[in-house]
Number of protein chains: 2
Amino acid sequence: MRRDVFQAIADPTRRSIIALIALQSMTPNAIAENFDASRQSISKHLRILTECELVRQEQQGREIFYSLKIEKMKEIDAWLEQYRKIWEIRFNQLENVLSTIKKQTK
Amino acid sequence: MRRDVFQAIADPTRRSIIALIALQSMTPNAIAENFDASRQSISKHLRILTECELVRQEQQGREIFYSLKIEKMKEIDAWLEQYRKIWEIRFNQLENVLSTIKKQTK
DNA sequence: AATTTGCGCAACCGAAAAGTTGCATATATA
DNA sequence: TATATATGCAACTTTTCGGTTGCGCAAATT
C-alpha cells in the first residue's frame, strides 16, 4: 500500500475531512454527519489519513477523536517550495522586461 | 472524468515529470527517456497533466513540447495557505506558553 | 514517393482504491 | 444485566487508474 500525503489529499472527501478537523478534533460520527457518505466510508478515509500520519487519534471512553497533524501538511509545503522559487524568478524576470520596455519608450 | 490538480500530483511519476519540465519544455520522447516507463505511459500522464491545465503543449513541426504552467501550482499553494495560517497560530501559542513558563520559573 | 519518426488515441487488462454490508468489541446507559 | 451506542475490521463489489498493445496520422527524411 503506497500511502503518501499526496495520495491522501487527492480525494476531495479527504480534503473536506481535513478542513473539518483542522480547528477542532471530532469523532467519526460527527464527521460523517457533514457528508452524504456513510459512516464506514468516512471511517475508511480516516484510516487512510491516519496511516499516512496526516491525522491523529485520541481515544476518550468509547469515542475516538480525530484531529489534524498540521506538521504533516508542511511536507506538501516543502515540495511546493521549489516551484514557489521558480515563479518568483519568473515574476522578477517579467518585472525586468517591463522596466526595460519602460526605459526604451522614454 | 474528475480531473483536478490534487489528483494530478498524486502520482509520483507525474510529480517527477513536473519537476523535469519545470525549467525547460521537453518532448514526450525526451521525457520518457528519463523513466523506466514506456512512451505511451508517459504520454498518458502528459494528457492528464494537460487536462487539468498543469502543463501546456507547444507544437513545433512534428514535435510537441510540454512545459509546466507554474501559475496552476499556485492553486495548491492557495489551498495550503489556510493551513499555513493555522500552523503559524499554533506556533505563536506555543511561544506564549513557553514564555509564560519562563516567567513562572523566574 | 516510400520510409522513418514523433506523437495521439482507443481498446483492453490487471491491480488498487472506494464504497457497501455484515460482523465483532468495548463502553455507556436503562 | 440487557440494551444501545461508537467504532473498527474483514469480505465483497464496483470503479478508477496505470500500463500495454495496436493503430492512425502528419511531419521529416531518404
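Residue numbering restarts at 1 for every chain, and letters A, B, ... go by the order of the sequence lines. Owing to the predicted nature of the structure, the values given are computational and were not obtained by experimental measurement.
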Tell me the interatomic distance from [X], atom [atom1], to [N], atom [atom2], rounded to whole angstroms.
{"X": "A:R47", "N": "C:dT20", "atom1": "CZ", "atom2": "C1'", "answer": "14 Å"}
{"X": "A:I64", "N": "D:dA6", "atom1": "CD1", "atom2": "P", "answer": "13 Å"}
{"X": "A:E51", "N": "C:dA16", "atom1": "CD", "atom2": "P", "answer": "15 Å"}
{"X": "A:Q40", "N": "D:dT13", "atom1": "CD", "atom2": "C1'", "answer": "15 Å"}
{"X": "A:D11", "N": "D:dT15", "atom1": "CG", "atom2": "C1'", "answer": "13 Å"}
{"X": "A:E63", "N": "D:dG8", "atom1": "CD", "atom2": "P", "answer": "11 Å"}
{"X": "B:Q59", "N": "D:dC25", "atom1": "CD", "atom2": "P", "answer": "16 Å"}
{"X": "A:Q7", "N": "C:dA18", "atom1": "CD", "atom2": "C1'", "answer": "11 Å"}

For [N], does OP1 or OP2 lie under 4.0 Å from any side-chain N or O of [X]?
{"X": "A:N29", "N": "D:dT5", "result": "no"}
{"X": "B:T13", "N": "D:dG18", "result": "no"}
{"X": "B:S38", "N": "D:dT20", "result": "yes"}
{"X": "A:S41", "N": "C:dA18", "result": "no"}

Next on the checklist: Ignoring hydrogens and geometry beyond distance, is the side chain of A:R62 in donor-acceptor contact with the base of D:dT5 at under 3.5 Å?
Outcome noted: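 Check passes, donor-acceptor contact within cut-off.
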Next on the checklist: I'd like to know if B:R39 reaches the base of C:dG8 with its side chain such that a donor and an acceptor end up less than 3.5 angstrom apart.
Outcome noted: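 By the distance-only test, yes, there is a pair.
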Checklist entry - Counting any heavy atom closer than 4.0 Å, what does A:Q57 reach on the DNA or RNA strands: base, sugar-phosphate only, or nothing? => result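 The residue A:Q57 makes sugar-phosphate contact but no base contact.
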Next on the checklist: Please compare B:P28 and A:K44 by the position of their nearest nucleotide in DNA chain C and report the one closer to 5'.
Outcome noted: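 The answer here is B:P28.
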Item to check | A:G61 or A:H45, whichever maps to the more 5' nucleotide of DNA chain C | outcome: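 Residue closer to the 5' terminus by nearest nucleotide: A:H45.
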Next on the checklist: Tell me whether B:R14 contacts the main-chain N or O of B:I9 through its side chain, where contact means a donor paired with an acceptor under 3.5 Å.
Outcome noted: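 No, the answer is negative, given that no donor and acceptor are paired below the 3.5 Å cut-off.
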Checklist entry - From D:dT7, C:dG19, C:dG6, pick the nucleotide closest to the side chain of A:Y66? => result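 Among D:dT7, C:dG19, C:dG6, the one nearest the side chain of A:Y66 is D:dT7.
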Next on the checklist: As a test of reading the structure: which of D:dT7, D:dG18, C:dG8 is closest to the side chain of B:R14, going by heavy atoms?
Outcome noted: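 So the side chain of B:R14 is nearest to D:dG18.
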Checklist entry - Would one find more than 12 heavy atoms of other residues, nucleotides or ligands at under 6.0 Å from atom CG of A:D36? => result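 12 or below, so no.
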Checklist entry - Under 6.0 Å from the CG atom of A:N96, do we count more than 12 heavy atoms belonging to anything else shown? => result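 Enclosed.
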Checklist entry - Could B:K85 and B:E88 be called an ion pair, given the rule that one side-chain N must be under 4.0 Å from one carboxylate O? => result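 Judged by the 4.0 Å cut-off on N to carboxylate O distance, B:K85 and B:E88 do not form a salt bridge.
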Next on the checklist: Taking B:R84 first and then B:E81, would you say they form a salt bridge - that is, a charged N and a carboxylate O separated by under 4.0 Å?
Outcome noted: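 Salt bridge between B:R84 and B:E81, a charged N being under 4.0 Å from a carboxylate O: yes.
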